[in-house]
Amino acid sequence: MSVTHQNPETRVKERNKSHLRTTLSFWAFMAPALIGLILFMGVPIIWGFLLSLSHAQNTIHFGHFIGIRNYTDLLTDPEFLNSLYTIVIFTLFIVPITFVFSLWLALMVNKVGRGKAFFRTVFFIPTAVSYAAASLIWRMSLFNGTAFGFVNHLTALFGMSPIAWIGTASPPWYWLVLVTVRIWLQVGFYMIIFLAALQEIPHSLYEAAAMDGATGGWQVLRYITLPQLRATSVSILLLCLIAAFQAFDEFYNILGGSGASSGNIGLARPPLVYIYSIALSSQDFGMGAAGGFILTALIVMFTVVQGKLFGFGESREGK
Amino acid sequence: MSSFQQLSRRELLKVFTFAGGAMLAGCSDKNPNGTKLTLTQWYHEYGEKGTFQAVQHYAREYSLLNPHIAVRVVWVPGDYGTKLATALLTPDGPDVFEDQLTEAMVSAGQVAPLDDLFTPEDLKDFNAKDIALNSVGGKIYGVKEIDDMQLLYFRKSVLKAAGVKPPTTMDELIAAAHALTTPTRKGIFLGNDGGVTALLTVLPWSAGSDFLVDNRIVFNNPRTVASYEKLLELNQSGSLLMGAPTDWWDPSSLTQGLAAMQWCGLWAYPKIHSILGDDLGAIIWPAFDNAGVPVTSLGGWTAMVNAQRPYVEEAKKFVKWLWIDNLKDQLDWCVGYGFHVPPRLSLAKRAPQLSAPIPAYAVKALGKYGQATPPLWNAAMTSDLTNSLTNIVKLGHNAARSVSNAATQCTRELNRELE
């Protein structure tokens, strides 16, 4: 067998060539995603930031720079501050309710011996319904304020008079409408995630617990199931929190963000609806962009605090 | 080997070049009928049956008279204002559209001046208030298509049975609504937000106040406050219908007997009259008290030309043909479907449909008592004032303080606008 010796220069050239080929392939594969990311994420973010420093009325071109006035105007606008307060209250309600309810559903479905797939599907289906469609059903059919609305029909059986669920401020019945529609829509999705995590818990743990004398569902839940679901729970809390801060559709469609009866939106206007009306109805894109950045900062802040509290990213299942 | 694999690179390039060319040709302004130019015209979605077919018919008529131009009608459902405003920010917005003129549209260069479309006779014949509302800096930017107004509709027999007369003041109206309320029917329907949107400007006007005069916010006064406090009283009275399946612009709550009186547009008159017949009565919003005035808002839609499109002159000719010269189509549009008052005074007098008692009263009342906010008043100011009225009526905030806060906010908006 003969061995051919290449001279070192040729070897270096070949290596360089192969390195170049690898680099080119890397960029060829990366380029479409990267260009898309820069074009559709990077550029709008930078553009939006420059807009937020500009007076941009009826235009999306920046240039008429006014410093941080859009930010100071918004942060001294009582309605914007009120919208931040609204969304914090909404989040404080919706996140724990969704969490507990979806976990409870997952535990129940997991326990079912027969027809598990059926129940899983039934509870998951609302996730496929659009927020706008569900909101209209809630507003016009279920929580219609006349005597022939579904809920009023039920309450009439107990001798109650019809309630205007959406327009009544005291007691604030509209929260019932807003919270129930979101729970109905999103609980199935989180239930599926919990269900997947539940099925990952080794059965041997439950057997060991039984041998150690763990009695009753509560002890097993408290010392085996919940600790095993820790990472999943933290992820769900974070997802739920971000989704709550981005709430728009049900508020806009149930309380009416524009047109006739837009007065009800003043009862509970989340920041996204407020930013939408500033930017798209009033066409003040500078202030709208500033609102977007303030909301982003708020979401990041809450996520970091929640992450710190629950230790997101530093634990694995069961630890 | 398939034929596709046998294609050389050069042949493949040819195929793509040809296909690309064909696609680009399809995107041009030439349309399949051989006409050379397509104008795009946007309308918001009118609720009355036959309206879409009518505007398509007008567009076809224009193309028949001007074979080199086609008009593509876009019927926009939902939040029209937002969709239109966003489209106007791009180079591909509509050539002709309907909206309400604001000064911001003029300063952003979105609308073309239309002064040269009007002859002196035309100018004299149009409602002077409409011309003023569509003028900024001495130039006219829009041609009013229709004038809209609202009425307080009621069933005469229901009022008679309750011993109630049509109200002439706000206190009488509150008393009437109370007297007309039964366990199965509310006294009055003003929209599902308790009248916040529908009466936002009407109430202060009825008390003799106004909003924006000579570049100054003027609504922060005791009359505005008192009128808003009365809406709170009405909301707390238990006589208001809320949570109805449709809102105040639709007459179903009155015709289906959910409420005895309803604030609704003249546009709904044909439908209400067809159901209630001569039992139908209507008045404009009563004066707040003896020092106030009865009032209705002068609304409607204005045709404008997008100044950023390449076919401004062609679009202006089309607007002149349809909304200034073409009396037949204007009359059809104003009274053929829902009822609207024609902005041309001579046309309003000639329309036989508007000679019945209620429409005739409406036309006269609009001329005498119709009020509108000027083009400098913008959506942000409306939003600030709406927030203030919601706070008063729904959340029980102090009325004087809420109105004063709204005035501060509106002044800030005004200063931004005037920058």
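Numbered from 1 within each chain, the chains take letters A, B, ... in sequence-line order.
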Chemist: Run E79(A) and N391(B) through side-chain contact (heavy atoms from CB on, under 4.5 Å) and show every step you take.
Modeler: CA-CA 11 Å; E79(A) 288 304 327; N391(B) 288 341; 3.4 Å; yes
Chemist: Select one option (side chain, backbone, both, neither) describing which atoms of L258(B) are under 4.5 Å from chain A's heavy atoms.
Modeler: side chain
Chemist: Using a cut-off of 6.0 Å, state whether more than 12 heavy atoms not belonging to Y71(A) lie near its atom OH.
Modeler: yes
Chemist: Just by distance, do the side chain of N264(A) and the backbone of N192(B) share a donor-acceptor pair under 3.5 Å?
Modeler: yes
Chemist: Using every non-hydrogen atom in the two residues, find where A379(B) and S282(A) come nearest and quote the distance to one decimal.
Modeler: C-OG, 3.8 Å
Chemist: Near F65(A) CZ, under 6.0 Å, is it more than 12 heavy atoms from other residues, nucleotides or ligands?
Modeler: yes
Chemist: Nearest 0.5 Å, what's the CE-CD distance between M287(A) and E413(B)?
Modeler: 6.0 Å
Chemist: Heavy-atom distance under 4.5 Å between the side chains of Q283(A) and N378(B), does that happen here?
Modeler: no
Chemist: Need one label for F285(A): side chain, backbone, both or neither, based on atoms under 4.5 Å from any heavy atom in chain B.
Modeler: side chain
Chemist: For H178(B), does the NE2 atom sit with more than 12 other heavy atoms under 6.0 Å from it, leaving out its own atoms?
Modeler: no
Chemist: Between R269(A) and N387(B), is there a donor-acceptor pair closer than 3.5 Å when you use the side chain of the first and the backbone of the second?
Modeler: no
Chemist: Quick one: which residues of residues 159-178 of chain A reach chain B at under 4.5 angstrom, heavy atoms only?
Modeler: A164(A), G167(A), A169(A)
Chemist: To check you understand the geometry: which heavy-atom pair defines the closest contact between T82(B) and S281(A), and what is its length?
Modeler: OG1-OG, 3.8 Å
Chemist: What part of D77(A) lies closer than 4.5 angstrom to a heavy atom of chain B: side chain, backbone, both or neither?
Modeler: both
Chemist: Would you mind telling me which of I60(A), D73(A), I66(A) has the largest number of heavy-atom pairs within less than 4.5 Å of chain B?
Modeler: D73(A)
Chemist: Could you check whether atom CZ of F293(A) has more than 12 heavy atoms from other residues, nucleotides or ligands sitting under 6.0 Å from it?
Modeler: yes
Chemist: Is it true that, when you exclude Y85(A) itself, more than 12 heavy atoms of the residues, nucleotides or ligands shown sit nearer than 6.0 Å to its OH?
Modeler: no
Chemist: Side chain, backbone, both or neither: which part of H64(A) has an atom under 4.5 Å from a heavy atom of chain B?
Modeler: side chain
Chemist: Is there side-chain contact between P245(B) and T146(A), with heavy atoms separated by less than 4.5 Å?
Modeler: yes
Chemist: Does atom CG of L136(A) have more than 12 heavy-atom neighbours, drawn from other residues, nucleotides or ligands, at distances under 6.0 Å?
Modeler: yes
Chemist: What are the two closest non-hydrogen atoms of N58(A) and A104(B), and how far apart are they?
Modeler: OD1-CB, 3.4 Å
Chemist: Could you work out, with salt bridge (charged side-chain N to carboxylate O under 4.0 Å, His left out) as the rule, every residue matching E48(B), not counting sequence neighbours?
Modeler: none
Chemist: So which atom in L280(A) and which in T86(B) form the shortest heavy-atom distance, rounded to 0.1 Å?
Modeler: CD2-OG1, 3.5 Å
Chemist: Could you state the interatomic distance from CG (D193(B)) to CG (L267(A)), rounded to the nearest 0.5 Å?
Modeler: 9.0 Å
